[in-house]
Amino acid sequence: MLRKVVLKMYNFSEIEKKWQEYWEKHNSFVASNTSDKQKYYILVEFPYPSGAGLHVGHVRSYTALDAMSRVKRMQGYNVLFPMGWDAFGLPAEQYAIKNKVHPKEAVKRNIEVFKKQIQNLGLSFDWTREFATTDEDYYKWTQWQFLKFYEKGMAYKDKKQINWCPNCKIGLSNEEAEGGVCERCGHSVVKKEKEQWLLRMSDYAEKLLAGLDDTEFVDRVKTAQINWIGKSVGAEVDFKLSDLDDTLKVFTTRPDTLYGVTFMVVSPEHKVIDKYKDEIKNYNEVLKYKEEASKKSEIERTDATKEKTGVKLKGIYAINPVNGEKIEVWTSDYVLTNYGTGAIMAVPAHDERDYAFAKKFGINIIEVIKGGDVSKEAYIGDGEMVNSGILNGLTNKKDSIDKMIKYLEENKIGKKTTNYRLQDWIFSRQRFWGEPIPMIYCNECGWVPVPYEDLPVTLPEVTSYEPTDNGESPLANITEWVNTKCPHCGKAAKRETDTMPNWAGSSWYYLRYMDPKNDKEFASMDAMKYWGMVDYYNGGMEHATRHLLYARFWHRFLYDNGLVPFPEPFKKRVAHGMILGENGEKMSKSKGNVVNPDDMVKQYGADALRTYELFIGDYEKDASWSENGLKGCKRFLDRVYRLKDKVVEGFMYSKEIENLIHKTIKKVTNDIETMKYNTAVSSLMILTNEFEKLETITKTDYKTLLILLNPIAPHITEELNEICSLGRPIVECRWPEYLESKTIDNEKEIAVQVNGKVRATIKIDSSMDEEEIKKLALNEENVIRHTKDKSIVKIIIIKDKIVNIVIKD
RNA sequence: GCGGAUGUGGCGGAAUUGGCAGACGCACUAGACUUAGGAUCUAGCGGAGCAAUCCAUGGGGGUUCAAGUCCCUUCAUCCGCACCA
């Protein structure tokens, strides 16, 4: 016992607690809304407070942005670095179902645990602005904003083929059903028709695409967004239906191939099928196919490698508008309902899918672009147009497309169109633990919005949180909640029982941080004007598409309606890499490689954990955990601690290391700003190594090291600052400046190469001219050895870098 | 299939405009101090070689006085999108 006490150099737990209390007591990190300092808004994605507690991955990104915040504050900025809780969602609800407690309770407990864990890390969050999306005075405004969407015609209810998870009994957005499996439980997703609230996000496709120009997202995030929006330019073409006074509209990116159209395909859900059931001679067969298609899971249906299936709509024919040919109409599930018009013109000669379909069903194939062998495969390359009337002889694809579009528009059979992959946002969830959608259905008046003054529509206390058997929200069973009066006519009416998706609350939380206590507005215009865009927004790649698009869409809508002062919410978006287990695999309970940050804080201290997580590697890349690496960082901090015994009075940098200090200030400043934390730590280690070699260091030497290290390891540096009486607490200090002139050594060692191979090194100083350097280089013994009996062709001298002597035999 | 990224010692990873490859840390080896060491300090640490030197940044080619870095080509891994017309 005694041994332990003697050996322990310092008690990091006590030190950490002491300074965390100091910061809290002094409001060190509270941001002001009325400051004349320049603002800087740094945001980390607020966590979902799961029962599993904080992950070491959270620690990495929080510490990284914390370090940035601390530097910015010391540089004189008014920094907003807030934290809150994204607390609606399935896990809390499932916990509630299992344990028969209100999700509110579980969420409250989890938040407490999370908050404690986060606070133990000494992160400089402004806790005065904390809130959870589940707070009534927060979701009141989420509902308020939904009503704005409704008011502007941007929210609508529609019968939609939705992704349905038969296991969770919940409707899923396309985003949650990626790959055809339920994101939550992994069960196969099927299609189901259901009345759903939707937001017209597809109307904003172009704005969301163009808005990216106002941002500085890292490339991989930007491309993910662009792909997700999926813009493609082409044409809409109307095909007359033979003997019917109707047309079938298709979207195509290749109107130049119109003469090669030999059939059309509509999706199984396409409305022509129902509309012309009397004309379709094999309607029963078609209906059967349609039913089969709806039963297929998303995976089965979108498996591109499977053989094409389909049924001809017998009795229905279309007319190719450019050549008057009568062509067959088919239905097949390879045509998607929710893209384009849900119908395609098929050009088997020049499209792989159409080719496979035509081959299987023996449909005619007409070549319109020369270059391939259409008896073997679809030719998708470029070439001379043939069999194509007005386009014959053209060889440039773009010209052909332009000419055809012009023809279509002149003859009113089509027009240039842009299509987007981006769909409207399915906004309904048949779940309890979400914001109630503030709408009321009245038999007389239809859908009526809850009046603004009646918000929030709060969640009731209930005993069962299970969805009903027909998939309705558990709210549907609570008659006293459901039954209400129509705000319009006063007659009996019913509340909407669907709730909002998780993405709703997280679509505007960054605005609430700007003015979190406001009970008149979601945030005041003044506060939003002051804080402006989020300067740095950090999150995982898993949110690079959905969350980021939803939030941008939501924000842009608010902007278009004058509710926020700027069109884009986030300036920079950076994405951290994951922290993997020691074995290089993703941390998971089942693999037994989970590292609990609490244990690490207890054993090595928060400062060591923070330092290690920044040192672990490139911030944007995944990195494997290594407890030995953490120990190494603990050792580094111990060495910094021991330096205190070398400190002597002095207001100047020690001569021997003055240049290195200036260089280190420059490096750490730049590295933290550009998120190269690993090299920032490394340069501080180098500086520490040099300090160790000296007999004494001045107070100024030491203080500078402590300030530079402070954003990374804030507790121990404050403590040492106090122990050594180095002046005001670091949190109140200015970030040090460097002199560019002092970062340049006047004496330098450079390499001398002969034919590109290093043969010697020489010491030069800044006053030397090329002649002197040349002389010095040629006098090196090893250089002489390699150049004698050879003729020197030329000597290349790059100032301060290298000398290369080129010789010939 | 399309798009994005990555590939450097035993390991994590460094290397402005092309300019001494392997900074910094881990692991390891030897030594010092020790009753003790999961502490600390000193030295070593890409491979081959006694050495001079040679080889080495996924592979192959090229440009250049000089290539991890630029160009061409190829392989591997990871991620995103994917029957999107």
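Order of the sequence lines sets the chain letters (A, B, ...), proteins ahead of strands, with each chain counted from 1.
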Asks: Of the listed nucleotides (B:A85, B:C41, B:C65), which one gets closest to any side-chain atom of A:I796?
Replies: B:C65

Asks: Tell me: CD1 of A:I802 to P of B:U16, nearest whole Å?
Replies: 14 Å

Asks: Given B:G25, B:G19, B:G4, identify the nucleotide with an atom nearest to the side chain of A:F615.
Replies: B:G25

Asks: Under a plain distance cut-off of 3.5 Å, with no hydrogens placed, do A:D599 and A:Y604 share a side-chain donor-acceptor pair?
Replies: no

Asks: Are a donor atom and an acceptor atom from the side chains of A:N538 and A:Y619 found within less than 3.5 Å of each other?
Replies: yes

Asks: What contact category does A:D638 fall into here, base, sugar-phosphate, or nothing, at under 4.0 angstrom with non-hydrogen atoms?
Replies: nothing

Asks: With rounding to the closest Å, how many angstrom separate the C1' atoms on B:U63 and B:U73?
Replies: 15 Å

Asks: I need the minimum non-hydrogen distance between A:E269 and A:K290, along with the two atoms involved.
Replies: CA-CE, 4.4 Å

Asks: Return the value, rounded to whole Å, for the distance between atom OH of A:Y339 and atom P of B:A85.
Replies: 4 Å

Asks: Distance check needed: B:A23 P versus A:K667 NZ, whole Å only.
Replies: 15 Å

Asks: Please verify the inter-ring angle class for A:F251 with A:Y339; under 30° counts as parallel, over 60° as perpendicular, anything in between as tilted.
Replies: perpendicular

Asks: How about A:E585 and A:N583: does a side-chain donor come under 3.5 Å of a side-chain acceptor?
Replies: yes

Asks: What about A:F636 and A:F615, are their ring centers closer than 6.0 Å?
Replies: no

Asks: Any N or O donor-acceptor pair linking the side chain of A:N227 to the base of B:C81 at under 3.5 Å?
Replies: no

Asks: Over all heavy atoms of both residues, which pair between A:Y677 and A:A67 is shortest? Give the atoms and the distance, please.
Replies: CE2-CB, 4.2 Å

Asks: Please pick, from B:G19, B:U6, B:G4, the nucleotide with the shortest atom-to-atom distance to any side-chain atom of A:I798.
Replies: B:G19

Asks: With a non-hydrogen cut-off below 4.0 angstrom, is A:N678 in contact with a base, only sugar-phosphate, or nothing?
Replies: sugar-phosphate

Asks: Taking the minimum atom-to-atom distance to the side chain of A:N689, which one of B:A85, B:C24, B:C55 wins?
Replies: B:C24

Asks: Of the options B:C20, B:A23, B:A82, whose atoms approach the side-chain atoms of A:S682 most closely?
Replies: B:A23

Asks: Walk along nucleotides 26-31 of chain B from 5' to 3' and tag each nucleotide B, S or - by protein heavy-atom contact under 4.0 Å, base first, then sugar-phosphate.
Replies: SS----

Asks: Counting heavy atoms from C-beta on, name the nucleotide in B:C83, B:A85, B:U53 closest to the side chain of A:S232.
Replies: B:A85

Asks: Rounded to the nearest angstrom, tell me the gap between atom CZ in A:F217 and atom C1' in B:G4.
Replies: 17 Å

Asks: If you assign A:Q753 and A:T252 each to the RNA chain B nucleotide with the nearest heavy atom, which residue ends up on the more 5' nucleotide?
Replies: A:Q753

Asks: State which of B:G19, B:U6, B:G25 makes the closest approach to the side chain of A:M685.
Replies: B:G25

Asks: Output the single nucleotide from B:C65, B:A85, B:C41 whose closest atom is nearest the side chain of A:V806.
Replies: B:C65

Asks: Quick one: which of B:C65, B:C81, B:A15 gets closest to the side chain of A:T679?
Replies: B:A15

Asks: If you check the A:W228 side chain, which of B:U53, B:C81, B:A85 turns out closest?
Replies: B:C81

Asks: Atom CG of A:L614 to atom P of B:G13: distance rounded to whole Å?
Replies: 15 Å

Asks: At what distance, to the nearest 0.5 angstrom, does CG of A:L660 lie from NZ of A:K742?
Replies: 13.5 Å

Asks: So A:E352, base contact, sugar-phosphate only, or nothing? Heavy-atom distance under 4.0 Å.
Replies: nothing

